[in-house]
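Everything numeric here is computed off the predicted structure, so don't read it as measured data. If you read the sequence from its start, that first residue is 1, and numbering goes on from there. We use all heavy atoms of the structure for the numbers below, so side chains are in, but hydrogens, waters and symmetry mates are not.
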Amino acid sequence: MSKTEAPEEQSDLGAAGSQLSTAPVDRAMPGSFGGRRAPGAAGWLVWTGREVVGWVRWMWRQLTSMRVALLLLLLLSLGAIPGSLIPQTSIDELKVQDFKKAHTTLGPLYEKFQLFDVYSSVWFSAIYILLFVSLIGCIVPRTWQFVGQLRGRPPGAPKRLDRLPAYTTWRTEAGPDEVHEAALGLLKGRRFRADLTAGKGAAGASVAAEKGYLREAGNLFFHISLIVLLVAFAVGALFKSEGGKLIVQGDGFSNTLTQYDNFKSGNLFNTDDLAPFSFKLDSFESSFERKGPEKGTARTYRANVTYSEGIDGPEKKQAIEVNKPLEVDGSKVYLIGQGYAPTVTVRDGKGKVVSRQSTPLLPIDSNGTATGAIKILDGYRDKNGKKEQLGFNAFFVPTFAGAGQGQMFSQFPALDYPVLALSAYHGSLGVDSGLPQNVYQLDTSKMAKFKDSKGELLKQRMRPGETMKLPNGAGSITFEKDIKRWATFQISQQPGSMWALVGAVSAIVGLAGSLFIQRRRVWVRAVRGADGVTVVEMAGLGRSESAKLPEELGDLAAHLHEKAPSAPEPDRADQAEQAEHADQAEQTDHADDSDAEHGDSTPQVVPAEGAEK
């Protein structure tokens with residue numbers, strides 16, 4: 001029932017126009033919750049208690065109103081914007097540090113307002129919790145009220161059906177009971193909840209029917225789904241784990257904390273909850289577009305792995321592709337990157353193999369151009385037998401245009417013409433200092449250059465199978481023909497993700513139901529008139545005005561009219577006689593009550609729309 005309806009209309013509709021929605025009635029705040037204050041300290045204490053309780057109830061009503069819930073949902077959406085635009089500590093701490101260095105004014109300000117940790121900040125958590133409480137406080141009483149409506153009977157017809165937005169009437173020779181029975185069968189056949197209600201006074205009995213309960217059910221379902229969604233996100237944020245691992249072809253991974261290159265988790269995550277499984281990268285397949293404007297675009301990325309569940313589970317094979325992860329015991333292994341790992345063999349001055357390793361290099365463009373560092377930590381001795389460490393800055397291209405044809409950048413991401421460029425150093429790599437180092441960068445602060453015949457840094461471009469000799473009998477490094485592939489994987493354990501998906505889909509379904517289903521009521525009243533002919537009235541009322549309500553009522557009236565057709569119109573003489581009888585009845589309206597007791601007592605006919613009262 002609209003809040004703007006006149007009091008007279010509300011009193012006329014009564015229960016018929018109420019409870020079309022389970023939304024609570026918004027009551028205005030009175031001037032004082034405590035009412036009148038009695039004299040003395042006791043009176044003041046009682047008044048204060050009533051005032052406090054009244055304010056608490058008012059604030060709870062505001063918090064659990066749908067208006068505040070929508071406002072909190074909007075604030076939650078706005079609060080997530082900084083988390084998308086500003087680097088977050090939980091995602092990339094290095095980016096946060098770089099941002100603070102680059103923005104000396106904004107950095108401290110963002111840190112003060114917890115903008116580098118939006119999703120774990122006090123203000124974001126407060127909005128999240130208030131929204132959660134608001135939804136629960138709003139849904140629980142509305143759910144019980146809706147259950148009560150489902151268990152109850154449709155409300156009886158109002159006194160004046162002609163005041164409803166959809167209305168029709170006709171006269172029929174069928175009796176009122178026949179009309180009511182036909183209407184009851186018709187409405188139940190149209191899946192209305194219909195019931196025959198007894199009328200008071202002259203109004204007589206009527207058939208009351210109601211339909212469209214799924215609208216309110218959809219509304220409640222939508223908000224319950226939002227709660228499921230919020231709970232799923234909270235569980236996922238608190239108990240999640242996520243880590244990355246780069247694996248060279250032929251190497252493997254075991255799901256333990258020490259195996260990860262980087263790892264982050266929720267506040268309540270326990271490392272004991274890591275699912276026990278392992279996998280090995282057998283091979284990596286890729287294909288690229290060779291012609292046209294999309295030349296070089298990847299067409300296939302596929303990592304072929306062998307995995308096993310548990311400590312000694314049987315080995316299984318599977319291909320991991322982009323957006324097709326490997327799922328093992330609640331964890332998902334995603335393929336997120338790939339590249340090349342040139343294989344090099346290092347020998348000392350005596351020709352002894354010191355190291356043979358496939359070193360992954362990081363790509364710097366879409367054509368596979370990659371850089372990195374090759375480090376020889378142990379096993380190398382110079383020509384004097386002194387232990388020393390070697391370092392090589394590496395630059396690799398899978399398809400080089402050829403010497404003397406421009407800068408050394410790859411022309412295509414496939415291994416069509418691979419070239420490896422190295423520059424050589426010797427000394428201390430600084431790995432024993434205890435300070436963390438980037439494995440893809442070479443710290444040359446404590447290293448000396450290997451020099452060529454011109455006294456400059458020793459550099460050389462090599463094709464697979466070629467060797468670069470180190471000066472003064474220091475040894476050599478060979479670029480082997482075995483160029484391996486590497487792939488980076490993200491291993492995620494996200495509890496609650498399935499519930500989040502269920503909540504999201506359910507919210508859409510519930511919202512669709514609340515938007516497209518109309519809850520409406522229909523009443524049919526049949527009353528025998530003074531001339532013995534039955535007057536049939538049909539009216540409909542919806543939660544909101546809809547063009548379909550009169551259309552539906554017209555269709556129902558047409559079908560009911562087939563079972564209770566219109567009575568033939570009386571001739572003019574009969575009409576004049578009826579008018580004369582009506583005038584006489586009006587003159588005897590104020591006659592003695594005893595005349596009414598012994599005379600004709602005829603039911604009052606409810607006038608059609610536009611008739612005078």
Side-chain angles (χ1 to χ4, degrees), residues 246-251 281-288 290 296 338-365 367-383 389-426 439-440 442 449-454 456-487:
L246 185 149
I247 303 176
V248 178
Q249 181 181 339
D251 293 341
L281 178 60
D282 298 327
S283 62
F284 189 90
E285 302 174 15
S286 60
S287 62
F288 306 92
R290 289 281 178 179
Q338 58 84 35
Y340 295 98
T343 303
V344 296
T345 300
V346 178
R347 293 177 174 85
D348 60 14
K350 297 179 180 181
K352 178 183 177 182
V353 175
V354 175
S355 171
R356 181 184 174 89
Q357 62 185 42
S358 299
T359 305
L361 304 179
L362 297 182
I364 60 175
D365 62 24
N367 283 328
T369 305
T371 63
I374 300 174
K375 302 178 182 182
I376 309 301
L377 303 179
D378 300 308
Y380 176 77
R381 295 178 182 269
D382 61 12
K383 62 180 181 178
Q389 294 176 333
L390 301 180
F392 302 89
N393 278 323
F395 195 88
F396 175 78
V397 291
T399 302
F400 185 40
Q405 297 189 27
Q407 295 181 345
M408 186 176 171
F409 282 96
S410 180
Q411 309 298 313
F412 194 75
L415 287 173
D416 292 346
Y417 194 89
V419 174
L420 176 65
L422 297 176
S423 57
Y425 296 84
H426 64 98
V439 295
Y440 303 103
L442 192 64
K449 301 176 181 178
F450 280 114
K451 296 181 180 180
D452 58 13
S453 58
K454 298 180 181 180
E456 296 179 357
L457 176 64
L458 179 64
K459 299 179 181 179
Q460 184 174 331
R461 292 177 180 175
M462 295 185 292
R463 293 274 291 137
E466 296 181 351
T467 300
M468 179 174 74
K469 292 188 176 296
L470 303 179
N472 302 322
S476 64
I477 179 169
T478 302
F479 178 24
E480 304 291 347
K481 295 182 180 181
D482 181 19
I483 302 175
K484 294 186 177 181
R485 303 294 298 271
W486 60 260

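Below 30°, between 30° and 60°, or above 60°: for F412 and F288 the angle between ring planes is above 60°, a perpendicular geometry. Ring geometry for F400 against Y417 counts as tilted: the plane angle lies between 30° and 60°, on a 0 to 90° scale.
Heavy-atom minimum distance, P398 versus G368: CD-O, 3.4 Å. Nearest heavy atoms, M468 versus L422: CE-CB, 4.1 Å. Residues R290 and A414 approach most closely at NH2-CB, 3.7 Å, considering heavy atoms.
To the nearest 0.5 angstrom, K375 atom NZ is 13.0 Å from L390 atom CG. From I374, atom CD1 reaches atom OG of S423 across 10.0 Å, with rounding to the nearest 0.5 Å. Atoms CD and CD, from Q338 and E285 in turn, are 12.5 Å apart once rounded to the nearest 0.5 Å. Distance check: T478 OG1 to M462 CE gives 7.5 Å after rounding to the nearest 0.5 Å.
A donor-acceptor contact shorter than 3.5 Å is absent between the side chain of W486 and the backbone of L362. R356 places no side-chain N or O within donor-acceptor distance of the main-chain N or O of V346, the cut-off being under 3.5 Å.
In this structure, Q460 has no side-chain hydrogen bond (donor to acceptor under 3.5 Å, both in side chains) partners at least two apart in sequence or on a different chain. In this view, D365 and T369 satisfy the side-chain hydrogen bond (donor to acceptor under 3.5 Å, both in side chains) rule, not counting sequence neighbours. Residues satisfying the ring pair (Phe, Tyr, Trp, His ring centres under 6.0 Å) criterion with F392, sequence neighbours excluded, are absent altogether. For F479, there are no ring pair (Phe, Tyr, Trp, His ring centres under 6.0 Å) partners at least two apart in sequence or on another chain. For the ring pair (Phe, Tyr, Trp, His ring centres under 6.0 Å) test, no residue two or more places apart in sequence or in another chain qualifies with Y380. Scanning for side-chain hydrogen bond (donor to acceptor under 3.5 Å, both in side chains) contacts around T343 gives S358, with sequence neighbours left out.
Looking only at atom types and distance, the side chain of R347 has no donor-acceptor partner in the side chain of T467 under 3.5 Å away.
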| field | Residue pair N472, F450: steps toward the side chain to side chain contact (heavy atoms under 4.5 Å, CB included) verdict | value | CA-CA 9 Å; N472 302 322; F450 280 114; over 6 Å; no
| task | Determine, stepwise, if the pair T399 / N367 fulfils side chain to side chain contact (heavy atoms under 4.5 Å, CB included). | result | CA-CA 8 Å; T399 302; N367 283 328; over 6 Å; no
